[in-house]
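Heads up: the structure comes next, in C-alpha cells.
When a ligand or atom number is given, it counts from 1 through the structure's own listing order.
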Amino acid sequence: MKYDLTTDWQFRQFGKKDWLPATVPGCIHLDLLNNALIEDPFYRDNETKVQWIDKENWEYRLLFDIPAELFSKQRIQLVFEGIDTYATVILNDQPILNADNMYRRWQVDVKSILNEQGNMLSICFRSPIREILPQLEKMEFKLPAVNDPTAGTSPYTRKAPYHYGWDWGPRLVTCGLWQPVKLEAWDHIKIINQNFIVTKLTSKKVLLEVMTEVLSDKAASATLKIFDDKNQVTITEKIKLRIGLNKVKTQIAIRNPELWWPNGYGDQPLYKLETEISLDKERISHCQRIGLRTIELKREPDQWGESFTFIVNGVPIYAKGADWIPSDNFTMRISAEKYRYLLSSAVQANMNMLRVWGGGIYEADSFYDLCDELGILIWQDFMFSCSLYPGDEKFLNSVQEEATYQVRRLRHHPCIALWCGNNEIEMGWHDWGWQEKFPATLWEDYLKLFHGILPEVCYAEDPSRTYWPSSPASDLDAIYNPNDSARGDTHYWGVWHKQEPFDFYQQHFPRFISEYGFQSFPEPESVRKFAIEADHDIFSPVMLIHQKSGNGNALIKSYMEKYFKIPKDFDHFLLLSQVLQAEGIKSGAEHFRRIRPRCMGSLYWQINDCWPVASWSSIDYYGRWKALHYYARRFYAPILLSPNFENDTYKLYIVSDVSESLPARLEIALMNFSGEVHSKFEKSLLIHPYESVVYYTIAKKDLPQQIDPRATFMYCALEDQRGNILSDNSIYFELPKNLKLTQPQISYKITKLDAEFLISLSSKNLARSVILKIEGIDGFFEDNFFDLYPGQNREIHFKINSDIHETDFKKAFSIISLFDLMEMNE
Ligand code: BMA
C-alpha cells in the first residue's frame with residue numbers, strides 16, 4: 001500500500017522566519033520562482049543573479065496525517081525516490097536519515113516513529129557548495145572538473161554534473177526533493193524487485209528466467225502466480241519463504257513469441273507480466289512490462305581492427321541517433337508529454353538509438369517506458385563526466401549503492417542496450433594532460449570505480465548486458481588509446497572544437513561514432529522568449545550568456561563565412577546558423593553511413609537542450625525542430641542516396657538499413673538553376689539489403705565543359721517501383737557562397753484540412769534551403785529546410801494545436817530561402 005506525501009509542503013531559507021508554499025517533487029529555484037522571490041533564471045542574464053541560492057541552506061517541512069488502514073500495517077517505510085543532495089531528515093523530532101547522493105532511493109522504517117495524526121517531517125538541505133569547499137581547502141590539489149573549473153566541488157558530490165554548468169547549460173546548482181516522497185506499507189510480504197532474463201530465443205519459443213525478490217517476515221509456504229495480459233503465460237508454483245530476503249527463481253516459456261525490435265527493424269510488442277504471491281490471507285502483486293529480445297555487442301577482429309556492432313535478435317543494427325542530455329535544468333518540469341514529444345521526434349527522424357549522456361541524470365521511468373514503446377535503444381552512461389572522482393571508501397560505497405539501485409530499476413527495459421561507465425574520462429586522462437598533471441593514484445581510483453565497482457554491479461545485477469567502461473573507449477581494459485578509430489566507440493570534435501572544415505569528417509573511419517557535432521542558434525521565435533530587441537546581436541551580453549562554449553558565437557560566424565555569406569539581419573543569422581549546422585552534420589552522418597559495415601553507428605551530439613541556448617542540439621528547448629532535425633530525418637532514412645566526391649570522381653552510394661533487396665530506379669539530372677536540363681540519366685537497380693554500395697560514378701573531367709559550375713547542379717533521386725522518392729540528394733559544384741542563386745519564384749497554395757493546413761508549393765527556378773515560417777501560431781511543419789528543385793511540386797503539412805482561421809494562417813505565413821538569408825539581392 002502506498003501513500004503519496006507530495007502536497008502541502010513548505011520551505012524557507014535557513015535562519016529566516018516565514019514559511020512559504022513549496023512543490024514536491026521540486027527544487028529550491030522553482031519554489032523561489034513560484035513565490036516570486038526570483039525572476040526566471042532562463043530569461044536574459046538572470047542566471048547570474050541567482051548564484052547566491054546554492055550558497056544557502058534551505059529547510060522544507062510537511063505536517064501530515066496518515067490513513068488508518070496504512071497506519072495499521074506491520075511495516076511502514078518512508079521512501080524518497082530522490083533527494084538533491086545533502087540533507088538531514090527529521091521525523092517527529094527524530095533524525096532518521098542523512099542523504100548525500102541524488103541518484104539513489106532512500107527508504108527508512110518509520111513504523112515506530114509515526115503517529116496517525118500530526119506528523120512533522122522536516123528536511124534541512126545544506127549548500128552543496130559550502131559542504132565541499134572547506135574540504136577542498138585542505139587538499140593538495142583539486143580533482144579536474146571541466147564544467148566547474150572555479151569552485152571545483154562538482155566531482156566530490158553525487159549530484160548531476162550539469163547543474164554546475166556545461167558548455168550548453170547554465171550553472172544552477174539546485175537542492176530539494178526532486179523525486180516523489182511516499183509511505184509504503186505492508187504486513188508480512190513484499191515484492192521488492194523482479195528481473196527477467198531471456199535464456200533462449202527462437203521464432204517459436206522464448207524462455208525466460210524470472211527472479212523475484214520477496215521480503216518476508218514469516219517462514220512459510222506461499223503461492224506464486226505469474227500471468228500476462230496476452231494470456232500466453234500462466235504459471236502457479238508453491239514457494240517456500242524464509243524470514244528476510246528471498247530470491248525466487250522461476251522459468252517461463254512463451255510460445256510463438258512476438259519479438260521486440262528497434263525502430264526500423266520491426267515492431268515493439270510488450271508483455272505485461274503480473275506476479276502474485278499469496279501467503280495466508282495476504283495477497284500481494286507486482287507488475288512489470290517487458291519485451292522479448294536478445295541484445296549483444298559484437299566485438300570481433302576484422303580487417304579494420306575490431307567490430308563494434310549491436311546485434312538484436314541476431315540481426316546487426318546500424319545505430320542511428322544522437323546524444324541525449326536532460327531536457328530541463330529543473331528536471332521536475334520534464335513531463336511525460338515532453339518526453340513523448342522529444343522521443344517521437346527521434347523516431348520521426350528515423351533514429352533507433354539515443355545515448356543518455358553521463359553528465360546529466362538517470363532519466364525517469366516514463367522515459368524508458370517510452371523508449372520501449374518506440375523502439376529506441378538506449379546507450380546508458382553512468383552519471384560521471386569529464387572529471388576525475390574521489391576514490392575513498394565512502395564515495396565508492398555511495399556509488400555502489402547508486403549503481404545497484406539504478407541497474408535494478410532499469411534492467412527490465414528492452415530498450416537498454418548497454419551500460420557505460422562514464423563520458424570522456426578515459427580520454428581526459430590520456431589526451432587532456434591529466435596524466436601529466438595529476439598523481440598516478442588518481443588513475444588507480446579511476447580503475448577502482450570504472451573497472452571495478454561499476455562492472456561488478458552490472459555483472460551481478462544484469463549479466464545479460466555489456467558493460468563498456470567509458471565513451472569513448474577502445475576496450476574493456478584501458479589499454480589502448482580510448483579514441484582509437486580501429487576499435488570501440490569514438491568522439492570526433494575536430495569539426496567545431498578544432499575548427500576543421502566539414503569535409504574532414506571524411507578522413508575519419510570510426511567503428512562507431514558516439515559524438516560529433518556543430519552548434520546553431522534556436523530560431524528567432526525561441527530567442528525572443530529570452531532576449532529583448534536590444535539583445536539582438538550575437539555578441540550582446542545576453543546572447544553570450546546563452547552561449548556556453550567559449551567563443552562559440554565567433555566560431556559559428558567564422559564557419560559561416562567559409563561556406564555562406566553572412567546575413568546582416570539578426571533573425572536571418574539565426575536561421576542560417578541552422579542551415580550551416582545541418583549541412584555540416586549531414587556531411588558527417590552520410591559519410592558514417594556510407595562506410596558501413598566498418599562503422600556501425602552514428603550518434604550526433606546532441607538532440608535536445610536543457611534551456612534556451614546556442615548549442616549543438618537539433619531540437620531547441622521549446623521543442624522547435626532546428627534545420628538539423630529535418631535533415632536528420634533524411635540522412636537517417638532507411639534507404640539513403642548519398643553522393644560523394646572522392647578522388648576527382650562523383651560516386652553515388654546507396655545505403656540500405658532494410659532487410660530485403662529492393663528494386664528501384666535511379667534518376668540523375670544535370671541542370672542549371674533555372675531548370676534547363678543539360679543531360680539526364682536513368683537506371684533500374686536492386687538495392688542490396690544492409691549494405692552501402694556505389695551504383696554510379698562520374699569523373700569530374702567527364703562533366704560537360706560548357707556548364708557553369710556556379711549555376712549548375714546534379715539532382716539525384718531514387719524512386720521505388722510505385723514512383724515514390726525513397727531518397728534524393730544533390731551535388732553542387734561550388735560552395736553555397738559562390739553559387740549564382742537567383743530570387744526563387746515560388747508559388748504556393750494554402751488549404752485548410754482537419755487539424756492541419758496543407759501548403760502546396762513549387763518553384764520555377766532552384767530554391768535552396770526553403771524555410772517555411774509562421775509567426776505567432778503554435779504548430780509544426782512536417783518538413784522544412786529543404787531544396788525546392790525547378791518544376792518540382794511539394795506538399796507540406798502544418799499541424800495545428802488549436803483552431804486557426806485560414807486568413808489568420810495566411811497572414812502569419814511566409815517563405816524565405818537561402819537567397820534571402822544571404823541577401824543576394826542587394
Ligand atoms: C562532448 C560531450 C560534452 C560536451 C560536448 C560539446 O564531448 O561529452 O561534454 O557538451 O562535447 O563540447
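- Remark: Arg158 does not engage Asp100 in a salt bridge, criterion side-chain N to carboxylate O under 4.0 Å.
- A heavy-atom separation below 4.0 Å is not found between Trp496 and ligand 1.
- Residue nearest to atom 6 (C) of ligand 1, selected from Asn147, Asp381, Asp167: Asp167 (by heavy-atom distance).
- Listed by number with element, the atoms of ligand 1 under 4.0 Å from a non-hydrogen atom of Trp166 are 3 (C), 4 (C), 9 (O), 10 (O).
- The nearest protein atom to atom 11 (O) of ligand 1, hydrogens excluded, is given as Trp493 CZ2, 3.4 Å; this is a heavy-atom distance.
- Atoms of ligand 1 found under 4.0 Å from any heavy atom of His497, numbered from 1 in the order shown, are 6 (C), 12 (O).
- Closest of all the heavy-atom pairs between Ala322 and Ile607 is CB-CB, 3.8 Å.
- The shortest N/O to N/O separation between Ser385 and ligand 1 does not fall below 3.5 Å.
- Below 4.0 Å from some heavy atom of Trp605 lie the following atoms of ligand 1, by number and element: 2 (C), 3 (C), 4 (C), 5 (C), 6 (C), 10 (O).
- The Asn423 neighbourhood of ligand 1 comprises atoms 8 (O), 9 (O), with distances under 4.0 Å to a heavy atom of that residue.
- For Lys626 (side chain) and Ser577 (main-chain N/O), no donor-acceptor pair under 3.5 Å exists by modelled atom type.
- If you run side-chain hydrogen bond (donor to acceptor under 3.5 Å, both in side chains) between Arg171 and each of Asn329, Thr150, Asp148, only Asp148 comes through.
- Residue contact annotation: Gln606 has no non-hydrogen atom under 4.0 Å from ligand 1.
- Within the 4.0 Å heavy-atom criterion, the part of Trp357 lying near ligand 1 is the side chain and not the backbone.
- Salt bridge Glu306/Arg299: present, at least one basic N to carboxylate O contact under 4.0 Å.
- Each of the atoms 6 (C), 12 (O) of ligand 1 lies under 4.0 Å from some heavy atom of Trp616.
- Contacts with ligand 1 closer than 4.0 Å are made by side-chain heavy atoms of Glu515 only, the backbone lying farther away.
- Side-chain N or O atoms of Asn352 include one that pairs as donor or acceptor with a backbone N or O of Lys320 at under 3.5 Å.
- Between Pro161 and Tyr103, the shortest heavy-atom distance links the atoms CD-OH, 3.4 Å.
- Ring pair Tyr516/Trp493: centre-to-centre distance not below 6.0 Å.
- Scanning all protein heavy atoms for the shortest distance to atom 7 (O) of ligand 1 gives Glu424 OE2, 2.3 Å.
- Between Lys548 and Asp167 there is no salt bridge, since no side-chain nitrogen of the basic residue lies less than 4.0 Å from a carboxylate oxygen of the acidic one.
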